[in-house]
Amino acid sequence: MPTDRPVAAGIGGGHRHARRGWRIVAALAVTQTVGYGTLYYSFAVLLQPMTVDLRASATEITGAFTAAILTWAVMAAPVGRWLDRHGGRALMTCGSLLGTGLLAAWSQVRTTAQLYAVFVGIGIAMAMALYEPATAVLVSWFDPDRRPRALLGMIVVAGFASTIFLPLTGQLVDRYGWRTALVILAGVHGVVTVPLHAVFVRRQPTMTRTTTSDGNRTGRLPVAGAVLRDGRFWLLAAAFVAHSAAMSTMTVHLVGFLASRGHSATFAATIAGLLGVFSVTGRLLLAAGHRRIRMVALVAGIFAVQATAAGFLPLLARSRVGAIIGVVTFGLGFGVASLAAPVLLADRYGTAGYATIAGILATPVTVARAGAPFAAAALLTTLDAYPPVLAAIAAACGVAAAGILARARHPSLLSAVRTVPVVAARRGGGSD
């Protein structure tokens, strides 16, 4: 396995670089909160007024959002390759500029065709400026001991994006209308994210030189080809694809399931909101526990607990107390993958080509997140019952747990490559 240790770990000037790394964490925590709040979560509030103004069905309007998610998935791999070659500052700054312009353009759409065109662009902007590039920047700055804490700092703060921007967007729509609300959100997005990405995001000031088993040195790890030949990567991918499908399905169908068990809409919506609250708790437990328990065992255990909770939820949800217990237990693992995936990938394959690997993984994970609720809806329509949907969620979590553990101790195909951090010489195209 590669054994690269970034400068922030403490080699030459490490304390100064570590402080710079934590400033990057703070900046990205803010930009991810604003980026997700304006580009992603605002859609839920704007859906109803857009259907009225554009004279389109909710299904047609929602299709534009799905197009953005699928575009995001398609862009993940090329964005990852760019990040490995050039760093994140220019990419994330341009993505923020693009997102700002598209939020303003969204406010002016008059037809569904225009809406779809804008949302394809928003998908590109999200791929350039949100979770994947942000985590790639942090992974490159921090050593394995500090990395979970750095990622957690960003993710926990960004987890409040919906808490902040859903009510804020609602208030703006009520006061000014949805078009003016979007113009205001565009202004907030541009003023906050563009300068923070331009000023604080920096490439880790080392370059990675690799030494293969035959002693030949190259400037960069031949990551993509080797990873795609590594069976352990595909087991890991299957785990996170299955988990992503389970989480998105539960998000979409939990309220309907609880209502079908006789609970009021208010109670169902309130309990569903616990998923987001306890996702923070799960991430904190993961970050605290990884020093004492192997990360793969800890993550697999959490996924297994979720499988059990989903499997028993049809029985537990017969009462309010049981429903709360089931949802809280499931919610402990709700946000774990966003922290576990970058840590496991970096620990297993090193940081030299992390963004490329993460981009390859992000594509099927994002597609699963977008498509799984539709598949679950089809299952629900066919069987006219929620228990099979919950059983499918439980099975997906079980697959995720098994995929995390499978061949976890086996050496990867990259074990023959030794990665040595060296001080970067400023070479063309890579000083971001």
Side-chain angles (χ1 to χ4, degrees), residues 2 4 28 31-32 35-36 39-40 68-96 98-99 120-141 147 151 154-155 197 201 203-204 208 210 220-230 232-245 337-371 403 412-414 419 429-430 432:
D4 53 323
L28 290 178
T31 64
Q32 296 303 291
Y36 271 101
L39 296 171
Y40 190 91
I69 300 301
L70 294 177
T71 303
W72 189 352
V74 170
M75 291 297 297
V79 163
R81 288 193 293 271
W82 172 277
L83 284 163
D84 281 333
R85 292 169 181 165
H86 306 288
R89 181 173 61 167
L91 180 80
M92 298 185 76
T93 303
C94 290
S96 296
L98 179 62
V120 168
I122 286 176
I124 296 172
M126 291 192 293
M128 294 171 66
L130 293 187
Y131 175 76
E132 284 79 16
T135 55
V137 168
L138 296 185
V139 162
S140 73
W141 268 91
R147 193 174 293 142
L151 292 167
M154 179 188 74
I155 292 170
H197 285 153
V201 175
R203 196 174 188 181
Q204 214 278 350
T208 302
T210 63
R220 184 166 297 279
L221 184 68
V223 171
V227 168
L228 292 176
R229 293 190 300 271
D230 186 3
R232 295 197 318 160
F233 172 77
W234 293 111
L235 290 169
L236 203 62
F240 286 115
V241 166
H243 192 259
S244 178
S338 61
L339 177 59
V343 171
L344 291 176
L345 286 177
D347 287 350
R348 187 167 292 185
Y349 298 110
T351 61
Y354 168 82
T356 299
I357 302 170
I360 295 170
L361 177 62
T363 298
V365 167
T366 306
V367 170
R369 185 185 304 129
S412 76
L413 290 181
L414 302 184
T419 308
D432 191 89

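Remember, predicted model here, so these are calculated numbers, not experimental data.
In terms of heavy-atom proximity, Asp347 sits nearest to Arg147 at OD1-NH1, 3.5 Å. Heavy atoms only, all atoms of each residue included: Pro342 and Val139 are closest at CB-CG2, 4.1 Å. The heavy-atom pair separating Ala355 from Leu83 by the smallest distance is CB-CB, 3.5 Å. Counting all heavy atoms, side chain and backbone alike, Gln32 lies closest to His197 at NE2-NE2, 4.5 Å. Closest of all the heavy-atom pairs between Val137 and Gly88 is CG2-CA, 4.2 Å.
A distance of 11.0 Å separates CG of Leu235 from CZ of Phe233, quoted to the nearest 0.5 Å. For the atom pair Met154 CE and Leu339 CG, the distance stands at 9.5 Å (nearest 0.5 Å).
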Met75 and Trp82: CA distance, side-chain angles, deciding distance, side-chain contact (heavy atoms from CB on, under 4.5 Å) verdict | CA-CA 11 Å; Met75 291 297 297; Trp82 172 277; over 6 Å; no
Would Ile357 and Arg348 satisfy side-chain contact (heavy atoms from CB on, under 4.5 Å), going step by step from the backbone distance to the final call?
-> CA-CA 11 Å; Ile357 302 170; Arg348 187 167 292 185; over 6 Å; no
Is there a side-chain contact (heavy atoms from CB on, under 4.5 Å) between Val79 and Leu91 once you walk through the steps?
-> CA-CA 8 Å; Val79 163; Leu91 180 80; 3.6 Å; yes
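Considering only residues two or more places apart in sequence or on other chains, Thr135 meets the side-chain hydrogen bond (donor to acceptor under 3.5 Å, both in side chains) condition with none of them. Residues meeting the side chain to side chain contact (heavy atoms under 4.5 Å, CB included) test with Val365, sequence neighbours left out: Phe240, Val241, Ser244, Leu361, Arg369. Among residues two or more places apart in sequence or in another chain, the side chain to side chain contact (heavy atoms under 4.5 Å, CB included) test is passed with Ala370 by Ile69, Leu70.
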Please list, one pair per line, the donor and acceptor atoms closer than 3.5 Å that link side chains of residues 122-134 to other protein atoms, with sequence neighbours excluded.
unit_1, atom_1, unit_2, atom_2, d
Tyr131, OH, Ser338, O, 2.2
Glu132, OE1, Trp72, NE1, 3.1

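Of the possible polar contacts, none joining the Thr363 side chain to the Val74 backbone as a donor-acceptor pair under 3.5 Å is found.
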